[in-house]
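What follows is a single structure, written as C-alpha cells, with notes after it.
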There are 2 protein chains.
Amino acid sequence: MSKPKQVTIVDVAEEAGVSIATVSNVLNRGGIRSSKETIRKVEQAAERLGYRRNTMAAGLSRNKTYEIGLIVPGLNGYYGQLAEHLQVEAHNRGYHLSVFSSGGFDPEIERRNLEVLQQRRVDGLICHGLAMGFESTRSIVNSGTPLVLINGWDWPEDIAIGAVNLGFASACEQSVKLLLERGCRTLCYVSSKRSKAIDEQRHIGFIRGMERYGNGINYEVADAKDLDVDVFLRKMREGHPAPIGIVAFDDHVALRLICGTLRLGIELPEEMKIVGINNDYIAEHSYPGLTSWDIPYTFQAQMAIDKLLSKLSNQQAAEQDEREINVPLTLIERHTTNALKGGVNEHVAKGN
Amino acid sequence: MSKPKQVTIVDVAEEAGVSIATVSNVLNRGGIRSSKETIRKVEQAAERLGYRRNTMAAGLSRNKTYEIGLIVPGLNGYYGQLAEHLQVEAHNRGYHLSVFSSGGFDPEIERRNLEVLQQRRVDGLICHGLAMGFESTRSIVNSGTPLVLINGWDWPEDIAIGAVNLGFASACEQSVKLLLERGCRTLCYVSSKRSKAIDEQRHIGFIRGMERYGNGINYEVADAKDLDVDVFLRKMREGHPAPIGIVAFDDHVALRLICGTLRLGIELPEEMKIVGINNDYIAEHSYPGLTSWDIPYTFQAQMAIDKLLSKLSNQQAAEQDEREINVPLTLIERHTTNALKGGVNEHVAKGN
DNA sequence: CTGTTAGCGCATTCAC
DNA sequence: GTGAATGCGCTAACAG
C-alpha cells in the first residue's frame, strides 16, 4: 500500500522475455525499429504490468527534461488564461509546462520559483512581467537556460530577443482615436501602476494617441489603486467638457467605473464612454456592454512556445531575423462607446 | 552556451577538497553533522561554482519527489485562486505543486494529465471536480498514490476519505433562508450544470433550504448555460409573486442577472434579490453590490495539503477519526439582498 | 534487429 | 566525521 514498488523496464523486460534496451526502444518510439513481434510482446507486457516510464530517470539519462517553466504574476484573469493556453500548446509539442505564480510581483517568491525551476533543470523558461531586475534575469540567460519573455517591452535586447509582446500600446492609442471619433472632448487613462510594465505600455500608447490625434485636447491619468471611483467620476464630470472618454487599464477596472456611473446616474454612452482591455467575461456581460480589446490567447501561446522551442534546437543559430514578435489585439465594440446618442447599431445590440 | 554542463556535487567536492558524500551531507542538512570547517568549505565551494541540486537525480535516488500534483477544471476565478493558495501552502511545507488544468472537465485531457503526473512519480495528488469516473480514480488510489479530493461530496468512501469539502450546500441553504427572511415570495436557483458536482451540491442545498424554510413557497431552477437572461427575468417577474429571490451559481452568473435587471429596469433590492457565491472581485465592485459567500482559500488550501501530507507519512495509519473535513463559507452581505425598501444599513453602505 | 554496458547526479549504507 | 561503493530507472552508444 505504501509505495508498492513501481514497475520498471526491468520488470517489463523479464515479462516480455527481452532485454531492457529493447523495451526502452519500443516504448519510446524514437529509436531503432523493432520487429512487429517484439513490439507486440513488449507492449503487452507493459500493459499487463501497468508500466509507466519514470520521468526523472529518463530526464536524468538523456540530460533533457521536456519540461518548461512558466512564471506569471498570478493565476487570475488574463494570466490564468495565458497559462492555460501555454499549457495546451506546450503539451501539443511534447513538453510539460510547470506553472508558477509569483504572487503578484513579489521578487522574493519569484526568486524562489526560479531557483526551483533551475533545480528541476527545465529546458526553457517563459516569463511574464518579471519583478526582478535585468541583471538577475541576464544571469539566468547566461546560465544556459533559454528564456522567452512575454510582454518584455522595455528589456535590454540581449535578454528580450524573441520576446512575444502584445500590442497594448497601439490598442490604447487606437482607443484614444476611437473615443475622439465618437465625440469625446476630455480623455482619461485609468492606470494600474502595480502591474508594472503591463501598465506602462498602455500608458505610453494612451499618451501617443493623445499626441497624435488629440489636437491639444485635455487629458488626465489616474491610478486605479485606492481610487475613490465616485469622487473621481464626479470630478471628471464637473470639471471637464463632456462627453468624457475613459481608457481603463483592464475590464476589471472598467467594471468599477461602469458601476460608478450607474451609481451616480451618469448616462453611459452619452455623458461618458469607456473602453476596457482583455475582453473578459465582464466585458461581455456587464451592463452596459463594455467595449474592449480581445486577446488572441492561442496565437500568443503558440508564438511563445514556438520561440522557445526554436531557441532550444538552434544552438544560438540565426533566428536573428525576427527579434520581437508583436501580437495585435482586436477591438470588440459594445455599448460603452456608442456614438453620440442612442445610435445603437446591430453590432452593439448584439454585443450586449 | 548551449548546455554548459551544469555543476554537480562532484565539481563541488573537488573544489572543496572533500568527497561527494560529504557534500551531499552538508547540502541537505538532514543527515549527519559535519565539522564547522567542512561545512564552510563546502558551502563556499557550492556558492562559488553556482551549484544547484539536480531535482531528478535526488528524486530518483531517494525514491521521493516532493512534488504533488493538482488537477483542476480550469485556472479562472475560484479554481485559479485555489491553485495559487495550494501552491503557496505546498511550498511552505517543502513541496512543489504541479498544476494541471483539465480544460473544463474534459475527461481526455484529465487522463493525460494524470498519466503525466504518475510518470513524474508525484508523491501525492489533489484533485478537484474530476470528470473521470470512480473506477479510474480508484485505480489511482490503489496504485499507491495518495489522493485528496476537494469537493468530492458524492464519492465513494474508500476514495474520498479525507476529502476537503466546501460548505456550498449549507451556504445555499442559508441563502434561501436569508432571502425568505428578507421577504422574498418566489425563489429560484440559477445553476451551472456543466460544473458538475460543484453545481449539484449547491442545488441540493437550495432544495433543502426550500424544504426546511420554504413553507411550500414556489421555487424554480434554471440553468445558466444558454440562458436568455432577459427572457428569464421577465418571465420570473410576470409569472410570480414579488419580490423574487435568486440564488446564483456563482458571482459570474449573478453579474449576468444583475445586468439583466438593470437593462429591464427591475428594481434590484425591491423587486428582486440576488445572492452569489465566491465573493469575487465582481461581487465587490458590481452595482449594486452583490451579496455573496466568501471562500476561505488559505484555510482550505492548508487543510488539503495537511491531509495529503498526513497520508504520505502515516502508512495507512489511523486517521480514521476524521473522514471528511468541511470548510464553511461566510456570508458577505451587500446591496442585492437588502430588506424590503431602502433599508440601507451601515454594512451594506460599506459593502458597496 | 537485439542485448551489453556505461553512465546521468545524487543519497545512502557501511567501513574507516 | 568522512569517504568509497552501490543503486535509483532509464538512455545511448556499441557489439553481436
Between B:His96 and A:Phe100, how do the two ring planes meet: parallel, tilted or perpendicular, split at 30° and 60°?
-> parallel
Please report, rounded to the nearest Å, how far the P atom of C:dG9 is from the CG atom of B:Asp11.
-> 9 Å
What is the distance from CZ of B:Arg53 to P of C:dC8, rounded to the nearest Å?
-> 19 Å
What's the CD-P distance between A:Gln119 and C:dG9, to the nearest Å?
-> 15 Å
If you count the non-hydrogen atoms of other residues, nucleotides and ligands that lie under 6.0 Å from CD in B:Glu47, is the total more than 12?
-> no
5'-most to 3'-most nt of DNA chain D touching chain B (<4.0 Å, heavy-atom partner on protein side) reads D:dG1 to D:dG9
Comparing A:Ile9 with B:Ser19, nearest DNA chain D nucleotide closer to 5' gives the residue B:Ser19
B:Gln6 CD - C:dC10 C1' separation (whole Å) | 14 Å
Does any N or O in the side chain of A:Lys307 come within less than 3.5 Å of the main-chain N or O of A:Ala163, such that one atom is a donor and the other an acceptor?
-> no
Please confirm whether the backbone N or O of B:Gln119 pairs with a side-chain atom of A:Thr55, one donor and one acceptor, at under 3.5 Å?
-> yes
Just by modelled atom types, is the A:Leu75 backbone N or O under 3.5 Å from a matching donor or acceptor in the B:Glu84 side chain?
-> yes
Most 5' of B:Ser34 and B:Arg62 on DNA chain D, judged by nearest nucleotide = B:Ser34
Quick one: does B:Asn165's side chain have a donor or acceptor within less than 3.5 Å of a partner on B:Gly152's backbone?
-> yes
Describe the nucleic acid contact of B:Val23 in one word from base, sugar-phosphate, nothing, applying a heavy-atom distance below 4.0 Å.
-> nothing
Using the closest heavy atom to pick a nucleotide of DNA chain C for each, name whichever of B:Ala57 or A:Thr22 lands nearer the 5' end.
-> A:Thr22
Between B:Tyr297 and B:His85, how do the two ring planes meet: parallel, tilted or perpendicular, split at 30° and 60°?
-> parallel
Grab the CG-P distance between B:Leu27 and C:dG9 for me, whole Å please.
-> 16 Å
Can you check the A:Asn25 CG to C:dC1 C1' distance for me, whole Å?
-> 9 Å
OP1 or OP2 of C:dC8 less than 4.0 angstrom from a side-chain nitrogen or oxygen of B:Thr8, does that happen here?
-> no
Look at A:Thr38 and C:dT2 and indicate whether a side-chain polar atom (N or O) is within less than 4.0 Å of OP1 or OP2.
-> yes
Give a yes or no on whether B:Arg62 atom CZ has more than 12 heavy-atom contacts from other residues, nucleotides or ligands under 6.0 Å away.
-> yes
Kindly determine whether B:Glu108 and B:Arg112 satisfy salt bridge (charged side-chain N to carboxylate O under 4.0 Å, His left out), including the steps that lead there.
-> CA-CA 6 Å; B:Glu108 180 54 37; B:Arg112 288 194 325 205; 5.4 Å; no
For atom CG of A:Leu60 and atom P of C:dC10, their distance in whole Å = 9 Å
Check: protein-nucleotides 5-7 of chain C nitrogen or oxygen pairs below 3.5 Å:
unit_1 : atom_1 : unit_2  : atom_2 : d
C:dG7  : N2     : A:Ser61 : OG     : 3.2

